Each structure stands twice: as structure tokens, then as C-alpha cells.
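Proteins get letters first, then strands, A, B, ... in listed order; numbering begins at 1 in each. Nothing here was measured: the structure is a model prediction, and the numbers come from that model.
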There are 2 protein chains.
Amino acid sequence: MPKNQYVSTAVIRRMPRYYRFLGELLERGVTRISSKELAALMNLTASQIRQDLNCFGGFGQQGFGYHVALLHEEIRKILGLDQGFRAILIGVGNLGRAFVNHVDFTGSGFDLVGLFDKNPALIGKKISGLTVQDADEISAFCAAHTVDVAVLCVPSEAAQQTANGLIDCGVTAFWNFTQYDIKVEHPEAVVESVHLADGLMALCYQVNDARRSSSSAEK
Amino acid sequence: MPKNQYVSTAVIRRMPRYYRFLGELLERGVTRISSKELAALMNLTASQIRQDLNCFGGFGQQGFGYHVALLHEEIRKILGLDQGFRAILIGVGNLGRAFVNHVDFTGSGFDLVGLFDKNPALIGKKISGLTVQDADEISAFCAAHTVDVAVLCVPSEAAQQTANGLIDCGVTAFWNFTQYDIKVEHPEAVVESVHLADGLMALCYQVNDARRSSSSAEK
DNA sequence: TAGATTGTTAATCGATTAACAATC
DNA sequence: TAGATTGTTAATCGATTAACAATC
């Protein structure tokens, strides 16, 4: 009985975390859990968990709690991890190569089906079962295959241009690892940017702040 | 004239982005900007920019706007990027290696001063000017040098244990790239987790959602 | 049935936006 | 001075928490 209102991004961003914790519980053989127990585990309020889940439907059972396996599966469907969307990765430098090997694309809803770079030294190399193709071949590849999302690991200066080219090829979703905030006009476009340096700077502030408050607490 | 109230994390998380945009403006030779112009550029409201900045002080000038160079420098100080905090990175696998080469630690407030791994095949290798040391040497290293933050690129299963060991060595800040949500009790502890898979799953939902709404709009 | 825990409505809290007086 | 734009207070909006009736 999935509901059909708008769901805030705050809620959406918590869903993968629920999915992750439920996966861990499942592995540990836990079959049922109450919102209260899950809240304690995840450092949230029980209220928030129930509110969040009820954006999508009533997956619990009064007096009992939630079936871990069932809820896990429901969230999988909510996120759409079962659709086998197809991803390509552009820019097989240090970072790109690391993601190919390290990120569990399949478990996160995407099949990685192509690697591209414009560096001749990399073209033809095989990484994790995929052969690096010439970046000039992207549009031909997109014409021949369905491509749902592009992972951008190119230099920041090339980010916008690369994204524009991909939009023209019909690719509307981006996982952006460049420093640059790409702009995409397409109505169906979605961009998920991971600004690593921004996170590191925020950490820097927090370290300062923690020290400030602990030293002022001393007095 | 820095203010001294509590600043919400929502504001903190936007500061690095301001810093980044101001840096770009600086490079382009722009010397002054109004909150209205900056808002258009960053896709925010002018009001929010003024509110955010005024958490830390009045950096603008009525009738004129903000001096780009001055504001850039102020934010640098606010974030504490000038303190030369020291970082070590644990786990020199694909991801760890990529970050060593790719992330601008220095520009983000930290000097990377040590690399550690427990894999004998990696120990002794030189990466970007640093020699990989045996993970067993971490506590000795921390005793001999100041270490402010640890970058965790170890397998998820080892995350908590590694963090515990580091806490015992006096390291209280973590940039966590494992799947696992580490728990740290220390009052001064700060953790910045980058759950790559979570972001990818959120993107998966958004792709689904964008398609749902554009197909329903067709009708 | 009694106890537990959900789903949901209402209350609170915080963050964003709007408005405007201060001032460069 | 007049025009522009800030800093800041007030209004709005959204998200989180609390409460409780429904129900397993």
C-alpha cells in the first residue's frame, strides 16, 4: 500500500541508512525489531523512524514491531535498488579506478557497464573486468546501450563540459566527484555531488570547535 | 568581531561551499559581490547568505556588498584551515591510495603526515612522498608526533576496532570512509562519515522519482 | 484479555525567507 | 544626498518530537 505524496529529501537520505542497519541485523539473525530498539541502535528517535517509514506505507505491526527481512526488502524496493539501472564512469584516474574496485555498484542499484577516459595510456586497460574506452566513444556507446547514470571522476575543469555532452546523449543522472557544482537544465536531471574537500573542511571546523568548547569547559 | 553563539551544522556545512565559490570568483578577478549576486550563482537566497555569514560577524559593507578576497580569507579562518592540523590515513587499499593522491588535504586544513596498513605487501611502499608504515606502529607514531585526525579507509569490519585503538592514542577526529557507523565516546570526538553507497542509493531513488514524475506529467 | 507497539495527529522546535531600518 | 545593500528582527515554513488512539 505505497503512499504517493512528496517525500522530503531529509527522509530519502535516511533510507539508505535504515537499509544498511537492517541488513546488518539480518546478518546477525535478528528477525524482529521495534522502532524503539532501532532508534537506540541508530541514534534516532523512535518517532522519527515511524514517521519516515510511514511516508511509504505501514510496514509494521502494532504490538509487535517490524519484521527485519520484510522491511529490508521494502526499502530495497522504495529506493529502487532492484531495477538494474546502468552506469558508466568517466575518468579512470586514481579516484575513478578506486571507485570501480571499491564501490558496490550492484548492491546500490546500478550495474557498471562502461569505463571511459581520454588518456591514451589508459584506453584499452582492463579494470575489474571492464575495458577502458576512449572518451570520444561515449556518445556511440550511449546510442548503442541504455545508460542511466554517469559517474564523473574527471578533472573539475572538465566537469561541466563532460556533463553537457552526456546530457546530449540522454544521460540525465550524475554522481559527481569533481569540485565543481555542475548545472544541468534537463527537467529529469538529478545530480548527487560528493564534495570530498567540503567534508574535510567541515571536519576541520568541528575539530576546532570541539577543542574550543572543551577548553572553555575547563575553566 | 567574531560572535560566539552556537552555529548550527546546517550553516557549517555551507561554509566550505561559500569558500569554494569565493575562491573561484577570486581566480576570475572579481573583487566585490553582493549577497544577491552570490545567491544567484550558488542557487541560494540572498537572505540565507547574509544570515549564514552573520553567524560569524559582519563581513559586508552596506550599500556595497562583500569584498571577495576579504570574505574568502575570513571563511578560511572560521573553518580553521590555517592551523595545519595533522592527519594520518589508515588502509592504503584502492580507496586510501586514491585519496592520498587526489584529495587536497593541505588546502582543506590538514597536513597528511603518515600512511598505515597491515598488509606486508604495502608496507614500505612510497605513495606521494610518504612511506606506508606497519599499522602496528600507529600508537608509537602517535606518541612521537601530534596527530589530530585519522582517515579511515580500512575494511568496514575493522572500522570500530581501528577507531578504538586510535582513541586510545589520543586521536579524536575521524574521516570515516567505511560502511560502518563508528561510535566514539570521547567528549571531544568528531566524526565525519562519507557513506558512498548511501549516496548512490539516494541517487537511485531520485532517478526513479524523476522518471515517475515526468511520466505522470505526460498524462 | 492485557501489554506492547504501531500509525497518525498535534505540538514543538529549528531553519529559511521576508521585510526593513541602519548605514555605507 | 540618493541608491544600494547590509545586518537583524519578525514571519513563515518544514522537520522533528511528543502524545495517544487504534490494533495486533
- Message: Using the salt bridge (Lys or Arg N to Asp or Glu O under 4.0 Å) criterion, which residues pair with B:Glu192? Sequence neighbours excluded.
- Response: B:Arg13

- Query: Which value, rounded to the nearest 0.5 Å, describes the distance between B:Asn208 atom CG and A:Asp82 atom CG?
  - Reply: 8.0 Å

- Item | Where at least one partner belongs to residues 86-108 of chain B, residue pairs that pass salt bridge (charged side-chain N to carboxylate O under 4.0 Å, His left out), sequence neighbours excluded | none

So, [X] and [Y], do they make that salt bridge, N to O below 4.0 Å?
{"X": "B:Asp198", "Y": "A:Arg20", "value": "yes"}
{"X": "A:Glu37", "Y": "A:Arg32", "value": "yes"}
{"X": "B:Arg211", "Y": "A:Asp148", "value": "yes"}

- Pair A:Phe105 and A:Phe99, ring centroids less than 6.0 Å apart: no

Could you go through residues 41-50 of chain B and list every donor-acceptor pair under 3.5 Å that involves a side-chain atom there, pairing it with any protein atom two or more places apart or in another chain?
{"residue": "B:Thr45", "atom": "OG1", "partner": "B:Gln48", "partner atom": "N", "Å": "3.1"}
{"residue": "B:Arg50", "atom": "NH1", "partner": "B:Ser35", "partner atom": "OG", "Å": "3.0"}

- In B/S/- notation (B base, S sugar-phosphate only, - none; protein heavy atoms under 4.0 Å), nucleotides 9-17 of chain C written 5' to 3' is BB----SSB

- Query: Which residues in residues 60-71 of chain A have at least one heavy atom lying under 4.0 Å from any atom of DNA chain C?
  - Reply: A:Gly60, A:Gln61, A:Gln62, A:Gly63, A:Phe64, A:Gly65, A:Tyr66

- Query: With distance as the sole test, does B:Ser156 use its side chain to make a donor-acceptor pair with the main-chain N or O of B:Gln179 at under 3.5 Å?
  - Reply: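 Side chain of B:Ser156 to backbone of B:Gln179, a donor-acceptor pair under 3.5 Å: yes, one is there.
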
- Item | Any A:Arg50 side-chain N or O less than 4.0 Å from OP1/OP2 of C:dG7 |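 It does not, given that no N or O in the side chain of A:Arg50 lies less than 4.0 Å from OP1 or OP2 of C:dG7.
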
- Query: How close or far is atom P of D:dT6 from atom CZ of B:Phe56, stated in whole angstroms?
  - Reply: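 Atom-to-atom, B:Phe56 to D:dT6, this comes out as 18 Å.
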
- Query: Does any non-hydrogen side-chain atom of B:Thr31 lie less than 4.5 Å from one of B:Leu26?
  - Reply: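 Of all side-chain heavy-atom pairs linking B:Thr31 with B:Leu26, none is under 4.5 Å.
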
- Note, DNA chain D 5' to 3' with Watson-Crick or G-U pairs under 3.5 Å encoded as ( ), [ ], | and . gives ..||||||||||||||||||||||

